[in-house]
Amino acid sequence: DRNMHFHVLPIVMKCAVHGKTFTLFGDDYETRDGSCVRDYIHPMDLAVAFHQTIAYWEAHPDESHVLNLSTGPGYTVKEIVAAVESALERHIEVVIGPRRAGDPAALFADNSRATEVLGWVPKHSSIENIVRTQYEVELTAHDEKKKKKKKK
């Protein structure tokens, strides 16, 4: 859970589910809406890529490649907030905080080599599907915490 403090989607989801305020660190980046851009990928797409990688290695044991598993140009933090609000049909209170030191305006990768070498194309990584899956994760985690409290 400690690592989740740095991943925006779980943080936004927790704010939406639990009615908390979300702090957006900087809204003056040189991006389409001023907030940072990040690349999001659904775990199912990663699983498919790993499966295809193993099959490739078995067929080509003497080859080695460096491949990016990504979905491309990414989404802004504001787009993530809007997607969560839309999916859950609830407003998220957002306050603008200062930029965090070291945060780049955009982080995303080119997956064309993975497509070329493995034939891999992300099929589950629409923002709607990623948000829906994160919502299920949040509800499951919330239910588990309730169960642990009842046992005490």
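Heavy atoms only: backbone and side chains are in, while hydrogens, waters and symmetry mates are out. Predicted, not measured: the structure shown is a model, and the values here were computed from it. FYI, the numbering just counts along the sequence from 1.
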Student: Any ion pair linking Glu93 and Lys20 (charged N to carboxylate O, less than 4.0 Å)?
Tutor: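 Salt bridge between Lys20 and Glu93, a charged N being under 4.0 Å from a carboxylate O: no.
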Student: Determine, using the 4.5 Å side-chain heavy-atom cutoff (strictly less than), whether Leu139 and Leu88 are members of one ILVMFWY cluster.
Tutor: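 In one cluster: yes.
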Student: Given Tyr135, which of Leu9, Val17, Thr140 fulfils the side-chain contact (heavy atoms from CB on, under 4.5 Å) condition?
Tutor: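 Of the listed residues Leu9, Val17, Thr140, the side-chain contact (heavy atoms from CB on, under 4.5 Å) partner of Tyr135 is Val17.
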Student: Calculate, to the nearest 0.5 Å, the distance between atoms CD1 and OG belonging to Ile96 and Ser35 respectively.
Tutor: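 Separation between the atoms: 8.5 Å.
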Student: Count the heavy atoms of every other residue, nucleotide or ligand shown that sit under 6.0 Å from CD of Glu63, and state whether that count exceeds 12.
Tutor: yes
Student: Heavy atoms, side chains only, cut-off 4.5 Å: are Leu67 and Trp120 in contact?
Tutor: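 Not in contact.
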Student: Under 4.5 Å between any side-chain heavy atoms of His51 and Val48, yes or no?
Tutor: no
Student: Look at the side-chain heavy atoms of Ile, Leu, Val, Met, Phe, Trp and Tyr, link any pair under 4.5 Å apart, and say whether Val84 and Tyr40 land in one connected group.
Tutor: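 Result: yes, single cluster for both.
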Student: Checking one residue: Phe25. Which other hydrophobic residues are in its cluster under the side-chain 4.5 Å linking rule?
Tutor: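 For Phe25, no cluster forms, as it stays isolated from other hydrophobic side chains.
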Student: Find out if a path of hydrophobic residues (ILVMFWY) with successive side-chain heavy-atom gaps under 4.5 Å connects Val81 to Tyr29.
Tutor: no
Student: Taking the side chain from Glu85 and the backbone from Ile92, do they hold a donor-acceptor pair closer than 3.5 Å?
Tutor: yes
Student: Applying side chain to side chain contact (heavy atoms under 4.5 Å, CB included), run through Leu69 and Leu46 and close with a yes or a no.
Tutor: CA-CA 7 Å; Leu69 301 179; Leu46 287 175; 4.0 Å; yes
Student: Are Arg99 and Asp28 within salt-bridge range, i.e. N to O under 4.0 Å?
Tutor: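 Yes, this pair counts.
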Student: Counting C-beta onward and ignoring hydrogens, is there a side-chain heavy-atom pair between Lys78 and Cys36 closer than 4.5 Å?
Tutor: no
Student: Looking at CD of Glu128 and OG1 of Thr133, how far apart are the two atoms once the value is rounded to the nearest 0.5 Å?
Tutor: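 Rounded to the nearest 0.5 Å, the CD-OG1 separation comes to 11.5 Å.
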Student: Find out whether Asn111 and Thr71 are in side-chain contact, i.e. whether some heavy atom of one side chain is under 4.5 Å from a heavy atom of the other.
Tutor: no
Student: Within a strict 4.5 Å, meaning less than it, do heavy atoms of the Met13 and Val131 side chains meet?
Tutor: yes
Student: If you define the side chain from C-beta out and look only at heavy atoms, does anything of Pro10 sit under 4.5 Å from Gln134?
Tutor: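 When only atoms from C-beta onward are counted, Gln134 and Pro10 do touch, with a gap below 4.5 Å.
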Student: For the atom pair CZ (Arg100) and CG (Asp103), what is the distance rounded to the nearest 0.5 Å?
Tutor: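 One finds 4.0 Å between CZ of Arg100 and CG of Asp103.
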Student: Can Glu138 and Lys14 be counted as an ion pair, charged N to O under 4.0 angstrom?
Tutor: yes
Student: Determine whether Ile127 and Glu79 make a side-chain contact, defined as any pair of heavy atoms from C-beta on separated by less than 4.5 Å.
Tutor: no
Student: Are side-chain N/O atoms of Ser70 and Asn68 paired as donor and acceptor at under 3.5 Å?
Tutor: no
Student: Using ring pair (Phe, Tyr, Trp, His ring centres under 6.0 Å) as the criterion, list what pairs up with Phe22, not counting sequence neighbours.
Tutor: none
Student: Among residues at least two apart in sequence or on other chains, which ones pass side-chain contact (heavy atoms from CB on, under 4.5 Å) with Ala106?
Tutor: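 Checked Ala106 against side-chain contact (heavy atoms from CB on, under 4.5 Å); matches are Val37, Phe108.
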Student: I would like to know whether Ser125 and Ile130 meet side chain to side chain contact (heavy atoms under 4.5 Å, CB included); could you show each step before the answer?
Tutor: CA-CA 6 Å; Ser125 290; Ile130 290 172; 4.1 Å; yes
Student: Please tell me whether Met44 and Phe50 are part of a single hydrophobic cluster in this structure, the criterion being side-chain heavy atoms less than 4.5 Å apart.
Tutor: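 Shared cluster, no.
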Student: Would you say the side chains of Asp33 and Thr76 form a donor-acceptor pair under 3.5 Å?
Tutor: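 The criterion, which ignores hydrogens and geometry beyond distance, is satisfied for Thr76 and Asp33.
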Student: Could you tell me whether the side chain of Cys15 reaches within less than 4.5 Å of the side chain of Thr21, counting heavy atoms only?
Tutor: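 With C-beta onward as the side chain, the pair stays apart.
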Student: Might you point out which heavy atoms bring Asp45 and His124 nearest each other, and give the distance in Å?
Tutor: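 Shortest heavy-atom separation between Asp45 and His124 comes out as OD2-N, 2.9 Å.
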Student: Using modelled atom types only, decide if a donor and an acceptor are shared between the side chain of Arg90 and the backbone of Ala16 within a distance under 3.5 Å.
Tutor: yes
Student: Checking Thr53 side chain against Ala49 main chain: does a donor-acceptor pair fall under 3.5 Å?
Tutor: yes
